[in-house]
Amino acid sequence: RDVARDAIRRAGARDFAADGGGEFLPPLMMMSWAAQATVTTSLTAFLYQGFTYNAVYLARVLPALNLEAQVYPRLIAFNLCWGLALWSYLRTSWADPGAVPEEWHDFARRSGVALRIMPGMKEWQPGMATMCKFCSRPRPERSHHCAICQVCILRLDHHCPWINNCVGFNNHKYFLQTCFYVLLACVVAFLSALPQLAVVTQRWRIILHGDRDYSLGLAPTDEIAFVVSGAISMFIGMFLTPLLAIQVRLAITNKTTIEDNYANMNNPFDQGSAFANLSQLFGSFGVDWFLPIVPWRPLTDGVTFPRRQGMADEYSLMQPLQNSEDSGGGARWQRQLRGEGLWRAHYGVAAYDAEHNAHQPSTLDYMLGCMQMDCEGDALPPRR
């Protein structure tokens, strides 16, 4: 994102100079300002809801209605959800979404023409590295280029203006948790305060009908802040419910928003069950599933992804031991097939290297996709 901001700044300077210091703003600069506005709005809503529920509803409304016994249970329930929601939101916004690591680019350079690189298509391309036409660099399967951040992201889902960040392999878990915990906090806040909201709004109706002596012992500002808080909770809940439903549907089928539009084949990364597909994002099941932290036992590395049963993928992190009697050797073999060793096996570099004595590509070869594409972006036929 820093690179993108520098490019925007340079582009803006050129445009302002060309325009004689006029009022023209580059589109990306305007989008950046809009993103900052949406993030500010999100954080303002977070802080307003937290303050109003605790300082107005729990500290003033409930005592005024002689409901002090309900303060502590609701204090714990709301703040637990609200704290997890804010923590998840900040993690989603601040985390690296999964920019393609330099280790991958070094691996691609060392592999040369042994790494088969295909043009990026709007379709499933399992087990294939693709060439980004914007970065002119190869990227792993399921990676895509973000036009706003100006970088390729591992398992990119979308760019979210409400967090001013991409949702990718590294922070997709946090994004799902943000949607869930924010919605849960809104539901807890609205349902717990609903009887008191009804009392306050009923008082307003009575006042509008001429009875100005009816009072709840609350300041008008407290009543207004309380009702506005309830309206915000309802609005956010209505906004997040369909969003969370869509994101959960994609997560339990192991798809991204981009991949949901692919139709050239059945999802090759579907693990066969909702739990197994969620584990691809959350790691092996444990307490860390419920906290916005890095998975303790991840099942993928963002560069390679296990494919569904029936598709050739004998070198995945999910592969069970083939021989239970040799579990020690199998475990050592699995540990060895991580990092570059796993990448070479997954993308067929080792097999290609053994069959063909591949030479080191030139810089031009590398930019053209390690000689797997012509200058028009079409795939060349395989060598014989």
Exercise. Determine the interplanar angle of the Tyr53 and Phe78 rings, folded into 0 to 90°, and report it as parallel if under 30°, tilted if 30 to 60°, perpendicular if over 60°.
Key: parallel

Quiz item: Where does the angle between the aromatic ring planes of Phe235 and Phe239 fall among parallel (under 30°), tilted (30 to 60°) and perpendicular (over 60°)?
Solution: parallel

Quiz prompt | Residues clustered with Tyr174, ILVMFWY side-chain links under 4.5 angstrom | solution = Val294

Taking all atoms of both residues into account, what is the closest heavy-atom pair of [X] and [Y], and its distance?
{"X": "Leu154", "Y": "Pro140", "result": "CD2-CG, 3.8 Å"}
{"X": "Pro63", "Y": "Leu58", "result": "CD-O, 3.3 Å"}
{"X": "Cys149", "Y": "Cys166", "result": "SG-SG, 3.5 Å"}
{"X": "Asn254", "Y": "Glu259", "result": "O-OE1, 4.2 Å"}
{"X": "Leu244", "Y": "Cys179", "result": "CD1-CB, 3.7 Å"}

[Y] and [X], any side-chain heavy atoms less than 4.5 Å apart:
{"X": "Lys255", "Y": "Asn267", "answer": "yes"}
{"X": "Cys135", "Y": "His145", "answer": "yes"}
{"X": "Asn164", "Y": "Gln36", "answer": "yes"}

With [X] via salt bridge (charged side-chain N to carboxylate O under 4.0 Å, His left out) - residues at least two apart:
{"X": "Arg249", "answer": "Asp260"}
{"X": "Glu141", "answer": "none"}
{"X": "Arg74", "answer": "none"}

Quiz item: Would you say the side-chain atoms of Thr178 pair up with the backbone N or O of Ser88, donor to acceptor, closer than 3.5 Å?
Solution: yes

Exercise. Report, as yes or no, whether the 6.0 Å neighbourhood of atom CZ on Phe51 holds more than 12 heavy atoms from other residues, nucleotides or ligands.
Key: no

Self-check item: Test ring pair (Phe, Tyr, Trp, His ring centres under 6.0 Å) applied to Trp289 - qualifying residues, sequence neighbours left out
Solution: Phe275, Phe282, Phe285

Exercise. Using ring pair (Phe, Tyr, Trp, His ring centres under 6.0 Å) as the criterion, list what pairs up with Phe226, not counting sequence neighbours.
Key: Tyr57

Exercise. Give, for atom SG of Cys160 and atom CD1 of Ile148, the distance between the pair rounded to the nearest 0.5 Å.
Key: 10.0 Å

Quiz item: Quick one: does NZ or CZ of Arg142 land under 6.0 Å from the six-membered ring centre of Phe269, within 45 degrees of the ring axis?
Solution: yes

